[in-house]
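Fair warning: this is a prediction, and the values are worked out from it, not measured in the lab. We count ligands from 1, going down the list as the structure has it; atoms in each ligand are counted the same way.
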Amino acid sequence: MTSVNLQVNVGGLLMKNPVTVASGTFGYGAEYADYFDVSQLGAVTVKSLSLEPRAGNPPPRIVETPAGMLNAIGLQNVGLDTYLKEKLPYLREQKCVIIANIYGNGPDEYAVLARRLEDAGGADAIEMNLSCPNVHDPQNACGGGLVAQHPDQVARYTEAVKQATRLPVFVKLSPNVTDIVAPARAAEEAGADAVALINTLIGMAIDPETQRPLLSNIVGGLSGPAIRPVAVKMVWDAARALRIPVLGMGGIACTEDAIQFLLAGARAVAVGCASFRRPDAAINIVRGMEAYCRKHKIDDINTLVGAVKV
Ligand SMILES: Cc1cc2nc3c(=O)[nH]c(=O)nc-3n(C[C@H](O)[C@H](O)[C@H](O)COP(=O)(O)O)c2cc1C
């Protein structure tokens with residue numbers, strides 16, 4: 001076998017391999033440049049961007065858990081203008097494919113973010129974060145909770161962004177629901193080009209000595225290997241129900257983990273907090289995928305997508 005095709009098409013976004021990084025775990029790309037050539041990833045997904053800079057929640061914002069971590073960063077980010085001026089040039093110089101993850105107060109802000117990113121050449125695809133458990137969006141008209149927990153609101157937000165940009169639009173969903181298919185379908189019917197899942201599972205940890213929550217935000221989002229089986233199952237559910245592709249994530253730390261997601265139906269995967277432990281985790285998975293394909297005599301990685309034998 002001479003060559004293995006690792007290229008995938010995620011809702012119109014061409015990626016030279018199916019591996020990106022999960023928003024919020026890879027900064028704006030340059031932070032990892034000492035460890036490997038970040039342009040070798042299928043795409044770099046940047047930390048959620050808001051119109052204005054955000055300081056996030058006060059510390060403590062991170063708690064270790066068995067096989068994972070709880071975070072309540074609260075979408076700390078430099079804001080759109082600083083991203084365009086100071087962070088984007090590096091990513092463009094390196095010729096990275098960029099997925100810009102966005103967070104706004106209400107559908108109009110999401111639309112403005114998407115339009116301005118497209119106009120400035122600041123993204124090759126937009127990922128709408130509708131599922132951050134650590135912020136409270138007063139505009140979402142959901143009576144509390146996350147936008148991603150309300151299929152009608154998922155549709156409303158998705159439509160607003162689709163009208164604002166021609167870039168591929170990915171909708172990032174929450175595992176904190178009874179049935180992942182309902183918001184996923186709402187995104188698809190509203191014109192999303194792909195869904196991304198999962199964001200973190202809402203959790204809480206208490207210090208028995210002080211009898212207080214360990215996070216200043218009281219609750220946080222659980223990520224890491226602890227959530228992987230939940231994520232694989234949700235990818236499997238969504239992929240069977242949708243025509244648009246699924247970008248899968250949640251606890252991926254090595255090649256074998258990533259292959260599970262492809263077999264469950266993900267067209268591509270994102271490596272999240274595993275990069276904190278091993279900064280080169282994502283690029284090792286790119287290399288490992290090629291080796292896996294050679295070992296299993298697979299000449300096109302796309303043939304693995306949804307190929308789980310049940
Ligand atoms: C410290 C931290 C910050 C995060 N920030 C964001 C964010 O800004 N936007 C977003 O959409 N998801 C954010 N996430 C969620 C991840 O992108 C990902 O969906 C989740 O962590 C599951 O993947 P993992 O288990 O591989 O980390 C964050 C996760 C962590 C651990």
Side-chain angles (χ1 to χ4, degrees), residues 19-29 31 43-50 53-57 59-80 83 87 99-104 110 113 123 125-135 137 146-148 157 169-176 180 194-203 215 217 219-232 234-235 246-254 257-258 260-261 266 268-279 281-282 285:
V19 183
T20 183
V21 285
S23 178
T25 65
F26 208 72
Y28 305 94
E31 292 87 336
V44 170
T45 305
V46 299
K47 171 80 185 163
S48 279
L49 292 164
S50 47
R54 292 174 63 107
N57 294 321
R61 318 197 282 188
I62 285 184
V63 176
E64 262 194 65
T65 64
M69 62 184 276
L70 269 180
N71 93 81
I73 304 293
L75 299 182
Q76 174 183 2
N77 79 99
V78 297
L80 180 65
Y83 165 74
K87 308 294 183 185
I99 302 174
N101 181 301
I102 57 172
Y103 174 82
Y110 278 90
L113 281 156
I126 301 290
E127 183 176 76
M128 300 170 61
N129 179 7
L130 299 184
S131 45
C132 180
N134 303 317
V135 290
D137 175 356
L146 313 173
V147 175
Y157 279 62
V169 173
F170 305 169
V171 175
K172 187 160 174 186
L173 297 174
S174 171
N176 301 292
I180 194 69
V195 290
L197 57 121
I198 57 176
N199 208 317
T200 52
L201 276 151
I202 299 174
L215 291 169
N217 191 53
V219 299
L222 181 65
S223 61
I227 72 170
R228 191 172 55 239
V230 176
V232 171
M234 288 193 163
V235 165
V246 176
L247 171 59
M249 69 192 84
I252 296 174
C254 65
D257 299 343
Q260 285 195 53
F261 279 78
V269 296
V271 177
C273 61
S275 297
F276 298 157
R277 186 179 289 252
R278 287 285 314 254
I285 291 173

Can a donor-acceptor pair be found, under 3.5 Å and without considering hydrogens, that links the side chain of [X] to the backbone of [Y]?
X	Y	answer
Ser131	Lys172	yes
Asn176	Thr200	yes
Tyr28	Val78	yes
Ser50	Gly104	no
Asn57	Asn217	no

Using a 4.0 Å heavy-atom cut-off, which part of Asn199 comes near ligand 1: side chain, backbone, both, or neither?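 Under 4.0 Å from ligand 1, Asn199 contributes backbone and side-chain atoms.
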Using a heavy-atom cut-off of under 4.0 Å, does the side chain or the backbone of Lys172 touch ligand 1, or both, or neither?
->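 Contact part for Lys172 vs ligand 1: side chain (C-beta onward).
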Exercise for the section: Evaluate the side-chain proximity of Phe26 to Thr45: yes if any heavy-atom separation is below 4.5 Å, no if none is. Expected result: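 Side-chain contact under 4.5 Å: no.
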Within the structure provided, determine whether Val235 and Leu197 are in side-chain contact (heavy-atom separation under 4.5 Å).
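They are in contact (side-chain heavy atoms under 4.5 Å apart), so the answer is yes.
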Check: [X] N/O within less than 3.5 Å of ligand 1 N/O:
X	value
Gly251	yes
Ile198	yes
Gly224	yes
Glu127	no

Mark up the atoms of ligand 1 that fall under 4.0 Å of a heavy atom belonging to [X], in ascending order.
X	result
Leu75	7 (C), 8 (O)
Lys47	5 (N), 6 (C), 7 (C), 8 (O)
Gly272	24 (P), 26 (O), 27 (O)
Ala22	16 (C), 17 (O), 18 (C)
Cys273	24 (P), 26 (O), 27 (O)
Thr200	20 (C), 21 (O)
Asn129	9 (N), 10 (C), 11 (O)

_Could you tell me if Asn77 and Ser48 have a donor-acceptor pair between their side chains, going purely by distance under 3.5 Å?_
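On atom types as modelled, these side chains do not qualify, holding no pair under 3.5 Å.
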What protein heavy atom lies closest to [atom]? Include the residue and the distance to one decimal.
atom	result
atom 9 (N) of ligand 1	Ser48 OG, 2.8 Å
atom 21 (O) of ligand 1	Ser223 CB, 3.3 Å
atom 14 (N) of ligand 1	Ser23 O, 3.2 Å
atom 30 (C) of ligand 1	Asn71 ND2, 3.2 Å
atom 3 (C) of ligand 1	Gly24 O, 3.5 Å

Exercise. Does some non-hydrogen atom of Gly250 fall short of 4.0 Å from ligand 1?
Worked result: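 For ligand 1, residue contact (heavy atoms, under 4.0 Å) with Gly250 is present.
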Taking the non-hydrogen atoms of Cys132, is any one of them nearer than 4.0 angstrom to ligand 1?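 Checking ligand 1 against Cys132, which is what was asked, there is no heavy-atom contact under 4.0 Å.
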- For residues 60-76, which residue pairs qualify under side chain to side chain donor-acceptor pair (under 3.5 Å), counting only residues two or more places apart or in two chains?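 Output for this query lists Arg61-Gln76.
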Just to verify, which of Val171, Val195, Thr20 counts as forming a side chain to side chain contact (heavy atoms under 4.5 Å, CB included) with Leu247?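 Only one option passes, and that is Thr20.
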**Request:** Could you list all the salt bridge (Lys or Arg N to Asp or Glu O under 4.0 Å) pairs where at least one residue sits in residues 219-228, not counting sequence neighbours?
**Result:**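 The answer is Arg228-Asp257.
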Closest heavy-atom contact between Ile285 and Ala258?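 It is CG2-CB, 3.7 Å.
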